[in-house]
Amino acid sequence: MPDLDQSTQNGSPLLEGLTDAQRAAASALEGPVLVLAAAGSGKTRVITRRIAYLMEQGVPAWSILALTFTNKAAAEMRERIEKVLSPAGGESRHARGLVVTTFHSLCARLLRRYAEVLGLNPDYSIYDTSDQLSLVKRLIGELDLSTSNFPPRQVLSVISNSKNQLVDAEMFAASAMDFSTRNIAKIFTAYQRGLKKAGAVDFDDLLLLTAKLLREHAQVRRECQDRWQWMMIDEYQDTNRAQFEIASLLAGTPEERGAKPNIFVVGDPDQAIYGWRGADISNILDFEERFQGARVIALGENFRSTAPILSAADTLIRNNRQRKHKDLFTKRPGGERVTVTLTRDERHEAEILTDWMRDLIQASADGDRPMTWNDCAVFYRTNALSRVVEDQLRRAQVPYVVVRGTAFYQREEIKTALAYLRVVANSDDDVSLLRVINTPTRGIGKAALGLLQNFAAGHGLSLFAALRRADEISALSPRARNSVREFVSTVDHWNGAGSFMGASLPGSLRDLAERVITESGLESHYKAQAAKNEAEEDRLDNLAELVSSAAEFEENYDPADDPMQFDAAVAGVGTDEPHMLALLRAYLESVALVADADAVDSETGAVTLMTLHAAKGLEFPIVGMVGLEENVLPHSRAHTSDQELEEERRLCFVGITRAMEHLHMTAAKYRTVRGISERTIASRFLEELGSEHVHMTDRSDSLGGYGPSTGTGESWEDSANQFPQTRSISSSARQSQRADEGSQMAAGLREGAMVRHPRFGAGKVMSVMGGSNARAKIDFRTVGVKTLVLEYARLEPLD
DNA sequence: GTTGCCAAGTTTTTT
DNA sequence: ACTTGGCAAC
């Protein structure tokens, strides 16, 4: 371990520009440190500088491990570190080997590396919610239980909670007493057996199995501890029990280390919003107990928001009882009050926010800092609320982007194509195989499939192994037998019968993806569909987009980036394995672990729309929040306990504290839920903002003539005096003026402009279509005209 | 074996 | 409102 010179540290240029508290945190190098960082207090800055500073002090990059919650946050942090290390730009040599990643990715890699120790297939698939669901449904059937007594979703949620508490199927079964719980335990056990047989793990297993691996295998633990001498965890308040255990095991004990472990965690209890996913705020309290002698540093000063926004947030969060109060303060003077508006209905709500943003942008045009749509964001509690806002923005021709990173991968055609690839990587993966075996239909229907599944179960085989022995099933019709034979040989053709050594193997991941899509018949299937139904045309584009995503991944793939390449000597494992398989595996892993928040792109020139959860960690000068109503925020499902209600309040707090300069919160008097318009009740959180820093307006009766008339409910009457009536000044006159500009910004592209695509090369923009899935028709020199979904197409403008 | 229609449940947030 | 799953007709 390098000798850290404590005396010179404050002189490092890397610590310049930090406040005293920030500097204290960034330069607290050794031993356990807990940083309680209030919203907007510069915690990312502290972590970034600290890592850079460690390296400057001679700590090798590869001995540092930084954990974040989203890939996006990890990528950003890495970028910022590289910037700090070499401000002039250019390759930074220092950062090589530095691991900045998410808990889940780290675990995925650890499990890959030590698969053998756990008796796990190293080519394991990662099951997402829908894969889990289809497995559990099948098992409930096989166990002769009914899905109405055991709703698969609920069963899965019990299983997930259990795993997050580090309780595996065995332990769960041991403590299951009543009838229902015992049956759930049966399903749990069967589920784990099913996963194991399929060579698959779910999201929770990634954590649970890693915790097990580290706990039970001292050798593995030692290897990891030797490698990572310095650990950092961001958003620590959102770690669950399993993550705490993993962090704890990686950090080690003073006895194991011969010194206090260097673990540095940063969190804010007021921003804990993942309790429902098993996150446990007591991890913050337990930190000092587990890591004796931990230093605790508080960052209180806010550098993000104006005073009124901050005061409103502070006033709100004081309503949480289970909380240690810490002052939020800013030295920034001035700032306008927070706007709260009661609107007629959800369309009116979206309209008002749109006008508001447009007016702010206009007003700033002549100032020293002109704003653009890029500076605006709209947050909502549930994804369903985005639609109306989208509609309104589209009508007003305002460019916008919906942050939903997982949406692409959940489309039917993409899921199917990926299922094919998963079968190529791991033919034991029954859930994926079942998805593709008759998609598109190839004559292996219910009857044939039943026989094959029986045969598999009877011989203890995976389904694919049963397919290979289809000839032994006499009941199978010759026709089906033929289809099966053909299917098996197609798959064999793709993966060299599982060995990836066959002569006809495709040379690249892109080729493989392309071949799978055509040779599986998916392409012609969707082509036929598209000919019948225009709405299906997207699917072909999406499949093409998947191929480019694979191509892009391949281009950026560097096996040396794998955090498990401990060093050339230790890495031994896997050096002579087929490159193609490693690549495919890494690709499938990367698509399995995308998060919604990963799709945030600050360069689009568009308003950003996202859930409050996805907004964590971000900031925008102009923020709108919709749906400040009871049963929306706080959500109707969060009314059963104080804990849930307080989490909703923190969620609201997170939204407010994203705003730097302007904040507008709205509530609709009537909201259409599942087709029917319902009277709403204003969110209790609005009152809890206090009145001093808030400007409330009731516009629910303005522009009358639409929606039900007032007077039926008491809900708004109670607080009527808080919403003084004002006349709405429509800015629609200004709308058309900026409309053209807006739609072009949506794409960031103009017709006739030249762009570069990672795969297709240079091309000319023929036309641009805005909206939620903005597309552009582009004429490429190499491949001709293609329609691309801008969100996924990584186009670069060329001038 | 495949296709198309109707009924029912459904979504709170996400790795 | 919108998707999903089950069932009957082709």
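A note on names: the letters A, B, ... follow the listed sequences, proteins ahead of strands, and every chain is numbered from 1.
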Without decimals, in angstroms, what is the distance between [X] [atom1] and [N] [atom2]?
X         : N       : atom1 : atom2 : answer
Ile444(A) : dT2(B)  : CD1   : C1'   : 15 Å
Leu633(A) : dT13(B) : CG    : P     : 13 Å
Asn631(A) : dT11(B) : CG    : C1'   : 15 Å
Leu449(A) : dT2(B)  : CG    : C1'   : 15 Å
Gln154(A) : dT10(B) : CD    : C1'   : 13 Å
Leu207(A) : dT14(B) : CG    : P     : 17 Å
Asp280(A) : dT15(B) : CG    : P     : 20 Å
Asp131(A) : dT14(B) : CG    : P     : 18 Å

Which residue lies more 5' along DNA chain B, comparing Gly445(A) with Leu651(A) via nearest heavy atoms:
Gly445(A)
5' precedence on DNA chain B between Pro151(A) and Ala480(A) (nearest-nucleotide basis)
Ala480(A)
For [X], answer base if it contacts any base atom (sugar-phosphate contacts may also be present), sugar-phosphate if it contacts only those atoms, and nothing otherwise; contact means non-hydrogen atoms under 4.0 Å.
X         : answer
Ala638(A) : nothing
Asn438(A) : sugar-phosphate
Val632(A) : nothing
Phe103(A) : nothing
Lys616(A) : nothing
Ala448(A) : sugar-phosphate

Using only heavy-atom distances, decide whether a donor-acceptor pair under 3.5 angstrom links the side-chain of Arg381(A) to the base of dT12(B).
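Answer yes: a donor N or O sits under 3.5 Å from an acceptor.
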Side chain of [X] (C-beta onward), nearest among [options]:
X         : options                   : result
Arg674(A) : dT14(B), dT12(B), dT10(B) : dT10(B)
His613(A) : dT12(B), dT13(B), dG1(B)  : dT13(B)
Thr611(A) : dT13(B), dT11(B), dT15(B) : dT13(B)
Asn383(A) : dT15(B), dT3(B), dT13(B)  : dT13(B)
Arg277(A) : dG1(B), dT15(B), dT12(B)  : dT15(B)

So does Arg153(A) get a side-chain nitrogen or oxygen closer than 4.0 Å to the phosphate oxygens (OP1/OP2) of dT11(B)?
yes
Cation-pi check for [Y] against [X]: NZ or CZ below 6.0 Å from the six-membered ring centre and within 45 degrees of the axis, yes or no?
X         : Y         : result
Lys163(A) : Phe172(A) : no
Arg112(A) : Tyr124(A) : yes
Arg277(A) : Tyr274(A) : yes

With the stacking rule set at 5.5 Å and 30°, tell me whether His635(A) counts as stacking on dT12(B).
yes
Verify the stacking flag for Trp276(A) against dT13(B): centroid separation must be under 5.5 angstrom and the ring planes must differ by under 30 degrees.
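It does: the two rings, one from Trp276(A) and one from dT13(B), meet the stacking criterion.
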Could you tell me if the side chain of Leu207(A) sits less than 4.5 Å from the side chain of Glu245(A), heavy atoms only?
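Answer no - side chains too far apart.
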On DNA chain C, reading 5' to 3', which nucleotide is the first and which the last to sit with an atom under 4.0 Å from a heavy atom of chain A, could you check?
dA1(C) to dG5(C)
Got more than 12 heavy atoms from elsewhere within 6.0 Å of CZ, Arg387(A)?
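Open.
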Using atom P of each nucleotide, how far apart are dT13(B) and dT4(C) to the nearest Å?
15 Å
To check you understand the geometry: which heavy-atom pair defines the closest contact between Tyr236(A) and Asn283(A), and what is its length?
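Taking Tyr236(A) first and Asn283(A) second, the nearest heavy atoms are OH-O, 2.8 Å.
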Test item: Arg481(A) side-chain N/O and Ile473(A) main-chain N/O as donor-acceptor pair under 3.5 Å
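Between the backbone of Ile473(A) and the side chain of Arg481(A) there is a qualifying donor-acceptor contact (under 3.5 Å).
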On DNA chain C, check which nucleotide each of Arg387(A) and Lys446(A) is closest to and give me the residue with the more 5' one.
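Its nearest nucleotide lies further toward 5', so the answer is Arg387(A).
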Any donor-acceptor N or O pair under 3.5 Å, side chains Asn320(A), Arg649(A):
yes
Check: Ser160(A)/Ser157(A) side-chain N/O donor and acceptor closer than 3.5 Å:
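Side chains of Ser160(A) and Ser157(A): no pair found under 3.5 Å.
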